[in-house]
Amino acid sequence: MFKRTHTCGELRSNHIDKTVSLNGWIHTVRLHGQVIFIDIRDRYGKTQLVFDSEDYNGNFEQVKKISIEDVISVRGNVRARGSVNPELETGEIEVAVDELLILNETAPLPFMINDRESATEDFRLKYRYLELRTKELQYNLDLRHRTYQVVRKYLSENKFIEVETPVLMKSTPEGARDYLVPSRIHKGRFYALPQSPQTYKQLLMVSGYDRYFQIVKCFRDEDLRADRQPEFTQIDIEMSFIDEEDIISYSTALTRKVFQDVINVELPETFPRITYHDAMNTYGCDRPDLRFGIELKDIKSYTDQSDFNAFKSAEMVKAIIVPGGSKYSRKIIDQLTDYVKTSGAKGLAWMKVQDGVLTGGISKFFVDHLQKTMMVDMELKDGDIILMVGDNTDIVHASLGALRINVAKREGLIIKGDFKPVWVMDFPMFEWDEKAHRHVAMHHPFTAPNPKDIEKLNSDPLHVLSRGYDIVINGSEIGGGSIRIHDTNVQQQVFDLLGINKEEAQAKFGFLLEALTYGAPPHGGIAFGLDRLIMLLADTENIRDVIAFPKTTSAMSLMDNSPSDVSDEQLKELGIALVKQK
RNA sequence: GGAAUCGUAGUUCAGUUGGUUAGAACGCCGGCCUGUCAAGCCGGAGGUCGCGAGUUCGAGUCUCGUCGGUUCCGCCA
């Protein structure tokens, strides 16, 4: 091997007449009989090599045999090109090769490296190390790398200290399913992989590390989505002697810094805030996409006056108005109807606005003066379509919340490169779980209740607001956190409400409860979903595009075929017996 | 746990109401070619139609099951 003097993206016209060595992969071969052009590639770029049979002293027949993705090492002279290639950063020059070494000849490739679309995803995942040679993934991983650096630099400069917490920890009730790790030394007992380092970071506050952060892997054994992997990365932050405003101001500044330094986008100095209540009512969703309008409107007062009886018994009736939607054909409306049905809606009612009147769909159930009132109140315009769902609150919000995003995409209302951050505040502390028949924490059991609501903890727990906050950008929840409970008694009260009795609380969280008795400072924090943040920076809808070795929707790694069977000896050593599945 | 959708040369896809020898492009192999840059031109090889049953004289095509990919609902404190 000739040790490289330059990378494949480095050479410019000021290098002309220099003798250089390059190492890399064959990107393309253009064979013209007596002259051969080869683009050599590494992660820095591409450079054209030329082999001329009249000048090349080596074995020209060997050069002819070179094929795409072979690894080579060359030495030669930089010279100006006859015709410049403006597509290439190194397009002003080429390297006339004197010596060639083929370092590794590639086997026939399962798919084409220069085109990510040339193979289906399962194939690319099986050969992920090849897909990682593509420009897009190399760019995305570079974004990710630069984000780590910006985060570490910003937080370090602000006196945050990076502390590693255990990956083998105690399994906790509540929240996501844990990934369990059997203990060999203590047969029959298990560690869990952290869903987040939540308890550890709170203990670090008790220990006096008043500004902590960590870029840390977290694990949740739940079903996957386009933006969810079983193992993912958080930027975990916790601070002492602070309130919500401190966390929000540092987090806003950190987010702005990342967007500025990584993709050169300037976000507003402060991010707008919305309450959970308003977000649900206006957008049907606790992570609203504010890049477009199409707000949910409560229309129950109108439908109750109409002759359309299907909505009379509905708990809630809401509508979205799509400008220009009156062009929708029966077929498109059917598609939208099927779409809202996936969120539990029984159907999708509609009316079009044409020539100043409501027409089609269920419009015949609305008498003239009612139509006029609606036109004025809702500021309806010719060309609009009203899409309506009546059902219980959850279904109305879920279905119309999803539909507004669907139609916004359909209508091209989402502008590329537009970022609309928002803080969502004032979450309820608890939700009622119908199946389990008990209260569950909306955020997590360590979230502090709003002091104003503290007396309602016993009388009216579902109306207690928490001191939690989420940061949302473009409909993606990229972070969330809270001010924590730092008082043992309040913590015990919350556990009671969650149906975790004293014994269980002691067994599961005794260490934390006890720690809170030894001088626990007021504290709070936030965790950013790093992968989702990178998705925004990389402008991709899929989390697999920002993770080097991701898993499939069924949590498999197609590359190494995990999870896989283990030997009987391994199981025996752990004291584990498998139950035969039928 | 549920729903939708996809699975055909190495790869991406086409394949008619079920009917003769399953096609194309790219890649691969061989040949020609001294200025290309997705090089070009000529030729060739390459298929258990995911897997398993069933219906039928006959299945890539229809039915059922199963495995795998993707997306969504449930789930994700």
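Letters A, B, ... mirror the listed sequences (proteins, then strands); counts begin at 1.
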Can you tell me the distance, in whole Å, between the [atom1] atom of [X] and the [atom2] atom of [N]?
X: A:Glu222; N: B:rC72; atom1: CD; atom2: P; answer: 16 Å
X: A:Lys126; N: B:rU11; atom1: NZ; atom2: P; answer: 9 Å
X: A:Met556; N: B:rG68; atom1: CE; atom2: C1'; answer: 7 Å
X: A:Glu131; N: B:rU11; atom1: CD; atom2: C1'; answer: 14 Å
X: A:Leu224; N: B:rU71; atom1: CG; atom2: C1'; answer: 12 Å
X: A:Asn406; N: B:rC73; atom1: CG; atom2: P; answer: 12 Å
X: A:Asp338; N: B:rC72; atom1: CG; atom2: C1'; answer: 13 Å

Which pairs count as salt bridge (charged side-chain N to carboxylate O under 4.0 Å, His left out) when at least one residue sits in [range], sequence neighbours excluded?
range: residues 22-37 of chain A; value: A:Arg30-A:Asp39
range: residues 395-404 of chain A; value: none
range: residues 123-134 of chain A; value: A:Glu69-A:Arg133, A:Arg116-A:Glu131, A:Arg124-A:Glu131, A:Arg128-A:Glu131

For the ring pair A:Phe446 and A:Phe509, is the centre-to-centre distance below 6.0 Å? yes
Would you please say whether a donor-acceptor pair under 3.5 Å links the side chains of A:Asp70 and A:Thr106? no
A:His523 and A:Gln202: side chain donor to acceptor below 3.5 Å: yes
Distance below 4.0 Å between [X] side-chain N/O and [N] OP1 or OP2:
X: A:Thr28; N: B:rA39; result: yes
X: A:Ser343; N: B:rC72; result: no
X: A:Arg30; N: B:rU36; result: no
X: A:Asn542; N: B:rU71; result: yes

Looking only at side-chain atoms of A:Glu54, point me to the closest of B:rU70, B:rA39, B:rU34. B:rU34
Just compare B:rC75, B:rU71, B:rC37 and give me whichever is closest to any side-chain atom of A:Thr553. B:rU71
If you pin A:Leu88 and A:Tyr339 to their nearest nucleotides in RNA chain B, which one's is more 5'? A:Leu88
How do A:Pro110 and A:Ala441 order along RNA chain B: which one's closest nucleotide is nearer the 5' end? A:Pro110
Protein N or O to nucleotides 12-14 of chain B N or O, pairs below 3.5 Å:
from	atom 1	to	atom 2	distance (Å)
B:rU12	OP1	A:Thr120	N	2.8
B:rU12	OP1	A:Thr120	OG1	2.6

With no angle test and no hydrogens, is the base of B:rC76 tied to the side chain of A:Arg220 by a donor-acceptor pair under 3.5 Å? no
Determine the Euclidean distance between corresponding [atom1] atoms of [M] and [N]; express it in Å to zero decimal places.
N: B:rA3; M: B:rG40; atom1: P; value: 48 Å
N: B:rG7; M: B:rA14; atom1: P; value: 7 Å
N: B:rU8; M: B:rG52; atom1: P; value: 15 Å
N: B:rG23; M: B:rU48; atom1: P; value: 15 Å
N: B:rU11; M: B:rU34; atom1: P; value: 35 Å
N: B:rG54; M: B:rG18; atom1: C1'; value: 15 Å
N: B:rA22; M: B:rA59; atom1: P; value: 14 Å

If you apply the rule side-chain hydrogen bond (donor to acceptor under 3.5 Å, both in side chains), what do you find for A:Ser171 with A:Asp178, and how did you get there? CA-CA 7 Å; A:Ser171 177; A:Asp178 284 325; 2.7 Å; yes
Using a cut-off of strictly less than 4.0 Å between a heavy atom of the residue and any atom of RNA chain B, enumerate the qualifying residues of residues 76-84 of chain A by number. A:Arg79, A:Arg81, A:Ser83
Can you sort out which residues in residues 476-491 of chain A have a heavy atom within less than 4.0 Å of RNA chain B? Ascending by number, please. none
Which part of the nucleic acid, if any, lies within reach of [X] when heavy atoms closer than 4.0 Å are counted: base, sugar-phosphate only, or nothing?
X: A:Asp52; answer: base
X: A:Arg116; answer: nothing
X: A:Gln335; answer: nothing

Salt bridge or not between [X] and [Y]? Use side-chain N to carboxylate O under 4.0 Å.
X: A:Glu431; Y: A:Arg438; value: no
X: A:Glu477; Y: A:Arg287; value: no
X: A:Lys331; Y: A:Asp334; value: no
X: A:Arg177; Y: A:Glu222; value: yes

Just by modelled atom types, is the A:Asp545 backbone N or O under 3.5 Å from a matching donor or acceptor in the A:Glu136 side chain? no
May I ask you to decide if A:Ile478's main-chain N or O and A:Ser476's side chain share a donor-acceptor pair within less than 3.5 Å? no
Does the pair A:Ile547 and A:Gln229 meet the rule for a side-chain contact (heavy atoms from CB on, under 4.5 Å), with working shown? CA-CA 9 Å; A:Ile547 294 175; A:Gln229 283 271 308; 3.8 Å; yes
Tell me whether A:Phe111 and B:rU11 count as stacked here, given that the ring centres must be under 5.5 Å apart and the planes must differ by less than 30 degrees. no
Below 3.5 Å, can you tabulate the donor-acceptor pairs from side chains in residues 54-65 of chain A to any protein atom, sequence neighbours excluded?
from	atom 1	to	atom 2	distance (Å)
A:Asn59	OD1	A:Glu61	N	3.0
A:Asn59	OD1	A:Gln62	N	3.3

Excluding sequence neighbours, so at least two apart, what forms side chain to side chain donor-acceptor pair (under 3.5 Å) with A:Arg79? A:Glu94
Please output the side-chain donor-acceptor pairs of residues 500-507 of chain A that fall under 3.5 Å, not counting sequence neighbours, one pair per line with the distance.
from	atom 1	to	atom 2	distance (Å)
A:Asn501	OD1	A:Glu503	N	3.2
A:Asn501	OD1	A:Glu504	N	2.7

For nucleotides 1-7 of chain B, list the nitrogen or oxygen atoms of the protein found under 3.5 Å from its nitrogen or oxygen atoms, one pair per line.
from	atom 1	to	atom 2	distance (Å)
B:rG1	O6	A:Asp223	OD2	3.3

With 3.5 Å as the limit, what N/O pairs link the protein to nucleotides 22-33 of chain B?
from	atom 1	to	atom 2	distance (Å)
B:rC33	N3	A:Gly33	N	3.1

For A:Tyr200, enumerate each residue passing the ring-ring contact (aromatic ring centres under 6.0 Å, His included) test, keeping only those at least two apart in sequence or located in another chain. none
Hey, can you tell me if A:Tyr129 and A:Tyr127 have their rings parallel, tilted or perpendicular (30° and 60° cut-offs)? perpendicular
